[in-house]
Amino acid sequence: MPELPEVECLVRHLNRHLPAEALRKISITSPRHLRREEGKPEKWGSDLRGCRLDRFSRRGKFWIMFWKPGSGRGNHPDPQPVVGHLGMTGRLFFHRERSGSPTDGAVFKHTAAIFDFGSSRLVFTDPRRFGMLTRNADVLKSLGPDPMDADWCSMTWPDRITGSSRAIKVTLMDQSAVAGLGNIYASEVLHQAMIHPAAACKNLTPDDWHRLHHCIPDVIQKAVGIGDSLSLDFSGLSSVDRLFYYGTREGSSDDGEVFRVYDREGEPCPRCGAPIQRMIQAQRSTFFCPACQPLP
DNA sequence: ACGACTGTTATTAC
DNA sequence: CGTAATAACAGTCG
Ligand SMILES: [Zn+2]
């Protein structure tokens, strides 16, 4: 589940393990992931070879790499961005060769791209192939405000959102409305804000919008804090996956983190005890408490 | 074995 | 324009 919190924790982790070496080679093993790219895949190698990976950043669910030219004073004086998205099942991790270790010379399944630094590789795997990779940073332009940005506080809900006939849960998952919320955290936010997921946006009160504005970063930042405190497996290779689904029961028993409503159909609401209900909205499961999330 | 279900989002149709 | 359905995939689980 790469929603905003997982991507944020991933980016923080990767920034702690940046390779000092320059890029030797890029292998684009899934051309499909470049479907939002304009240039040819071959150009990636010529433009980025010899560059150093300066840092990772994030916007919504997108992660962004910045590449600095190597000593050779290349054609690109400014850091070049490479933007990626993990889709549903994408993973991104550094793999270091260690002779004698079980993963020495490992070949990974479902790779989308591999960045080779010599003594380590940055591996992007994605079985379902919903993810993407591009040097076209314009893909970020359609994103709405990010709940972890400093300017979130000054954001006001635009008329096209407050006047919309869509259900609020569907709108919260619209990346042009809010960048970073996905199917899990949309349900979690609405439970905390005590708003029915099927409520039409245009029927929400100013106080509803105010609570949403407050609850979205609250839920997100708590999740980031928890994810950052765990020792996570970013590769998804171990049996217990500690990044994706770090909020569910597995791996949470001793960490105290659990989603309050997501995937909890029939269980008592942690706030009022009523059974959590499941419904389908926009072909996705929604979980909510019918007692403390009333329709307006 | 089979069908339900899964963390997303372009694209298409109205 | 805004809204909704669908397709693009491969895996897991009961
Ligand atoms: Zn409740």
Side-chain angles (χ1 to χ4, degrees), chain A residues 1-10 29-38 58-63 83-92 108-112 124-134 136 138-144 158-189 198 200-202 219-220 223-224 227 232-252 257 259 261-266 278-287:
Chain A
M1 148 224 223
E3 295 183 35
L4 189 159
E6 291 79 8
V7 180
E8 175 67 23
C9 292
L10 171 66
T29 50
S30 167
R32 149 171 266 279
H33 280 78
L34 271 54
R35 61 202 182 290
R36 308 214 26 200
E37 175 80 8
E38 285 144 14
R58 181 195 60 74
R59 286 285 302 169
K61 302 173 192 173
F62 289 87
W63 44 269
V83 180
H85 195 293
L86 296 175
M88 291 270 249
T89 55
R91 302 296 162 94
L92 189 65
F108 300 100
K109 272 180 143 179
H110 304 298
T111 60
F124 179 16
T125 65
D126 182 17
R128 279 183 86 176
R129 299 195 280 169
F130 291 166
M132 57 140 285
L133 197 61
T134 183
N136 173 18
D138 287 353
V139 298
L140 304 173
K141 285 186 176 167
S142 60
L143 293 176
D159 292 347
R160 62 163 229 285
I161 288 177
T162 58
S164 165
S165 64
R166 281 201 298 188
I168 181 60
K169 194 261 192 170
V170 178
T171 296
L172 289 184
M173 290 198 296
D174 180 344
Q175 301 302 292
S176 73
V178 175
L181 293 182
N183 199 44
I184 292 178
Y185 287 101
S187 282
E188 294 296 308
V189 161
C201 290
K202 63 185 177 190
V219 168
I220 288 295
V224 169
L232 300 167
D233 167 30
F234 293 88
S235 68
L237 298 178
S238 70
S239 57
V240 180
D241 189 327
R242 306 272 268 155
L243 172 60
F244 300 87
Y245 271 6
Y246 68 70
T248 52
R249 296 156 189 79
E250 292 76 36
S252 68
E257 165 59 354
F259 297 132
V261 291
Y262 182 80
D263 202 22
R264 291 189 168 280
E265 183 179 18
R278 172 179 179 265
M279 68 189 292
I280 300 292
Q281 292 182 283
Q283 293 75 241
R284 311 294 302 279
S285 288
T286 301
F287 299 87

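Numbered from 1 within each chain, the chains take letters A, B, ... in sequence-line order.
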Report task. Find which nucleotide of DNA chain C each of A/His110 and A/Ala167 is nearest to by heavy atoms, and output the residue with the more 5' nucleotide. Result -> A/Ala167
**Report entry** Main-chain N/O of A/Leu181 paired with A/Lys61 side-chain donor or acceptor, under 3.5 Å
**Finding:** yes
**Report entry** Between B/dT9 (P) and A/Asp126 (CG): distance, integer Å
**Finding:** 12 Å
Query raised in the report: Quick one: is C/dT3 close enough that its OP1 or OP2 comes under 4.0 Å of any side-chain N or O from A/Ser165?
Result: yes
Query - Short side-chain N/O contact from A/His85 to OP1 or OP2 of B/dT9, under 4.0 Å - result: yes
Requested in this report: Show your reasoning for whether side chain to side chain contact (heavy atoms under 4.5 Å, CB included) applies to A/Val83 and A/Asn136.
Outcome: CA-CA 7 Å; A/Val83 180; A/Asn136 173 18; over 6 Å; no
Query raised in the report: Given the rule that a pair is Watson-Crick or G-U wobble with both distances under 3.5 Å, how would you write DNA chain C in dot-bracket, using | for pairs to a different strand?
Result: .|||||||.|||||
Report summary line: Rounded to the nearest 0.5 angstrom, the CG-CZ distance for A/Asp126 and A/Arg32 is 9.5 Å
Query raised in the report: Going from CD on A/Gln283 to CG on A/Asn183, what distance comes out if it is rounded to the nearest 0.5 angstrom?
Result: 11.5 Å
Query - Residue met sooner reading DNA chain C from 5', once A/Gln283 and A/Arg160 are mapped to nucleotides - result: A/Arg160
Query raised in the report: Phosphate oxygens OP1/OP2 of C/dA10: is one of them under 4.0 Å from a side-chain N or O of A/Arg129?
Result: yes
Query - Atom pair distance, as rounded to whole Å: CZ in A/Phe130 and C1' in B/dA10 - result: 11 Å
Query raised in the report: Between the main-chain N or O of A/Phe287 and the side-chain N or O of A/Ser187, is there a donor-acceptor pair closer than 3.5 Å?
Result: yes
**Report entry** Closest-nucleotide ordering on DNA chain B, the 5'-leading residue of A/Arg128 and A/Met173
**Finding:** A/Arg128
Query raised in the report: For the pair made of CZ in A/Arg35 and C1' in C/dA8, what is the distance, rounded to whole Å?
Result: 8 Å
Query raised in the report: What's the closest nucleotide to the A/Arg278 side chain, out of B/dC5, C/dT3, C/dG2?
Result: B/dC5
Query raised in the report: Could you state the CE-C1' distance from A/Met132 to C/dA7, rounded to the nearest angstrom?
Result: 18 Å
Query raised in the report: Is A/Arg284 touching bases, backbone alone, or none of the nucleic acid, heavy atoms closer than 4.0 Å?
Result: base
Report task. Using atom types as modelled and distance alone, determine if a side-chain donor or acceptor of A/Glu188 lies under 3.5 Å from a backbone N or O of A/Tyr262. Result -> yes
Query raised in the report: Can you check whether A/Thr89 has a side-chain N or O nearer than 4.0 Å to OP1 or OP2 of C/dG11?
Result: no
Query raised in the report: In whole angstrom, what separates A/Ile280's CD1 from B/dT6's P?
Result: 6 Å
Report task. Look at A/Ser285 and B/dT6 and indicate whether a side-chain polar atom (N or O) is within less than 4.0 Å of OP1 or OP2. Result -> yes
Report task. Any chance you could measure A/Gln281, atom CD, to A/Arg166, atom CZ, to the nearest 0.5 Å? Result -> 11.5 Å
Query raised in the report: Given atom CD1 of A/Ile168 and atom C1' of C/dT3, what is their separation to the nearest angstrom?
Result: 15 Å
Report task. For B/dC5 versus C/dC9, give the span between their P atoms, rounded off to a whole number of Å. Result -> 22 Å
Query raised in the report: Is there a side-chain polar atom (N or O) of A/Lys109 under 4.0 Å from OP1 or OP2 of C/dA10?
Result: no
Query raised in the report: Rounded to whole angstrom units, what separation is found between the CE atom of A/Met88 and the C1' atom of B/dA10?
Result: 14 Å
Query raised in the report: Taking CE from A/Met279 and C1' from B/dC5, how many angstroms apart are they, rounded to a whole number?
Result: 18 Å
Query - Stepwise side chain to side chain contact (heavy atoms under 4.5 Å, CB included) test for A/Tyr185 and A/Leu4 - result: CA-CA 9 Å; A/Tyr185 287 101; A/Leu4 189 159; over 6 Å; no
Report task. Pick base, sugar-phosphate or nothing for A/Gln175, based on heavy-atom distances below 4.0 Å to the nucleic acid. Result -> sugar-phosphate
